[in-house]
Amino acid sequence: MTDPTLTDTLDPDDWNAMRQLAHQMLDDAVDRLKGIGDGPVWQPMPQAMRQQFDAPPPAGPEPLEDVYADVVGKLYPHAMGNVHPRFWIWYMGSGCLTGALADFLAAIDGSNLGAGNTGATLVDEQVTDWLRQMMGFPDGASGTLVNGGSMANIVGLTAARNSMAGIDLHRVGLTGMEAPLRFYASDQVHSCHMKAMNLLGLGSEALTCVPTDAAFRMDINALRAAIEADRNYGTRPACIIATAGTTNTGAIDDLSAIADLCREQGLWMHVDGCIGALFAIAPQSRHLVTGLARADSLALDLHKGLHAPFDVGCALLRDRKIHRATFAESAEYLQVATRGLAAAEFLHDYSPETTRGFRALKVWMMLRHHGTDTFGRILDRTVAQASYLTGLIDARPDLELMAPTATTIVCFRHNPGGMTEAELRAHNTEIMLDLQESGLAVIGDTTIRNRHCLRVAICNHRTRQDDLDLLVDAVLRIGAQVRERQAVSAQRTRKQAAPHKKSGAIAPL
Ligand SMILES: *Cc1c(COP(=O)(O)O)cnc(C)c1O
């Protein structure tokens, strides 16, 4: 008998029909991923379809089949494309089926990782401890899974701020400070650190962006000089943020030199390892991050180099006590018990978040399914692919490498000669946009040392070498088309401009 008071529940009326639809979703998912390289990387959504997203909130029910049909018909074709082998615009992972299944299973398990004596808690603790070991952090160091690299950096920088303040910052706040705190990073530092300075109440002036050398690594002499100048000025140097893998060019700061300087100066060492920290498990590339394990805090991005589906990052802290003191709060409704469901250390005492999803499950399942060696080899392969692409660029006189390829990011431009910097920017921007709209490959752009360039960020376990051959061919082909288009339109402009000149009108540029 069904309970007559239970008129509304979110469980299906017909479990078997739901089971069938769920099987269909799974079959479609497997097919989609299996053939992901055959379709376009990305395509814009037609205007008429966009308008369908203006509908008001649905008051009544709709068959799930219909809702799902929209996911397949309207969302999948217009997804970001980061799961595609020729997606290289931003440094982000390409996902995987194991991780996707794990996300589903985590939701079915349903645990809230803020607290609780559960299996999920053990998995969470095991995953952070695995990551600790993979990064070479000492026994007893702590970690917390967060939604990504930005938050992992904020966790580390908050601990740095509180620990270096010289007062009980947790209690009295920044107004109790006698001298303002100073943080240091290279001029290539990720924008999330500016966000962090703002959120931490320190302000953007608290972060000194130190110049970089020709290889885009923080200039250690300039760093030392900046610290000395701040001390003389009466501010309080607190923390050096080293970047292991910059967003613009993939450069890795000299982590050992920075660790030495931190020790000498009594400063906190934070490493933004969102791009490069995972090289620590890659046999050919591990030497690039020597010194990483000397950090006081480290931000890792698992939805980048590990290809976990979004979102999951991790902050590791050398000193568990500092980590806990930074975030722990007590509340009468949150007390650890000696028995029962609350008989476990509260994980939210290590995090700015209280409720957390079971993100650990995808990392746990992916690491177990593939093993760390596989991930290490994939990371090494992306470095080799970036170097291969660099070779293709070097071999072409009309392609210009714009920064040394340090790891997995390649910056270059199409430069057939005879163009100004502004013309080159316009020309290469056109190439990038045409390429994106062609669906063939998606790359991005950036500006380094005031010069615009195309940027290929290879963080993709599906990319093959011939995908990179295809990219270079496409850039050259589109580059030629763009030049032709410009020549034709310039000619038209000249023709149109002639009669207009008499009336004093300005010809369109
Ligand atoms: C991606 C990235 C971040 C931000 O990480 P999210 O996961 O996007 O929040 C921070 N720093 C660096 C160097 C990055 O590459």
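Since this is a predicted model, take the numbers as computed values, not measurements. Order of listing sets the numbers, starting from 1, for every ligand and every atom in it.
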Ligand-side contact atoms (ligand 1) for residue partner [X], heavy atom cut-off under 4.0 Å:
X	result
Cys192	10 (C)
His303	7 (O)
Asp301	1 (C), 5 (O), 6 (P), 7 (O)
Ile275	15 (O)
Gly149	5 (O), 6 (P), 7 (O), 9 (O)
Thr247	13 (C), 15 (O)
Asp272	10 (C), 11 (N), 12 (C), 13 (C)
Gly245	13 (C)

Closest to atom 8 (O) of ligand 1 (judged by heavy-atom distance), picking from Cys274, Gly250, Ser150 = Ser150
Identity of the nearest option to atom 2 (C) of ligand 1, non-hydrogen atoms only, from His190, Lys195, His193, Lys304 |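 Looking at heavy atoms only, the winner is Lys304.
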Arg455 to Tyr91, cation-pi by 6.0 Å centre distance and 45° axis angle = no
Closest non-hydrogen atom pair, Ser256 against Gly291 |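 In terms of heavy atoms, the two residues are closest at OG-CA, 3.8 Å.
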Take Asp253 and Arg217, measure what salt bridge (Lys or Arg N to Asp or Glu O under 4.0 Å) needs, and give me the verdict at the end.
-> CA-CA 5 Å; Asp253 284 338; Arg217 292 151 55 106; over 6 Å; no
Is the Phe375 ring parallel, tilted or perpendicular to the His370 ring (thresholds 30°, 60°)?
-> perpendicular
Can you check whether Leu278 reaches Val289 side chain to side chain, under 4.5 Å on heavy atoms?
-> no
Between Arg132 and Asp129, is there a side-chain N and carboxylate O pair less than 4.0 Å apart?
->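 Judged by the 4.0 Å cut-off on N to carboxylate O distance, Arg132 and Asp129 do form a salt bridge.
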Can you tell me how far CE of Met164 sits from CG of Leu267, rounded to the nearest 0.5 angstrom?
-> 5.5 Å
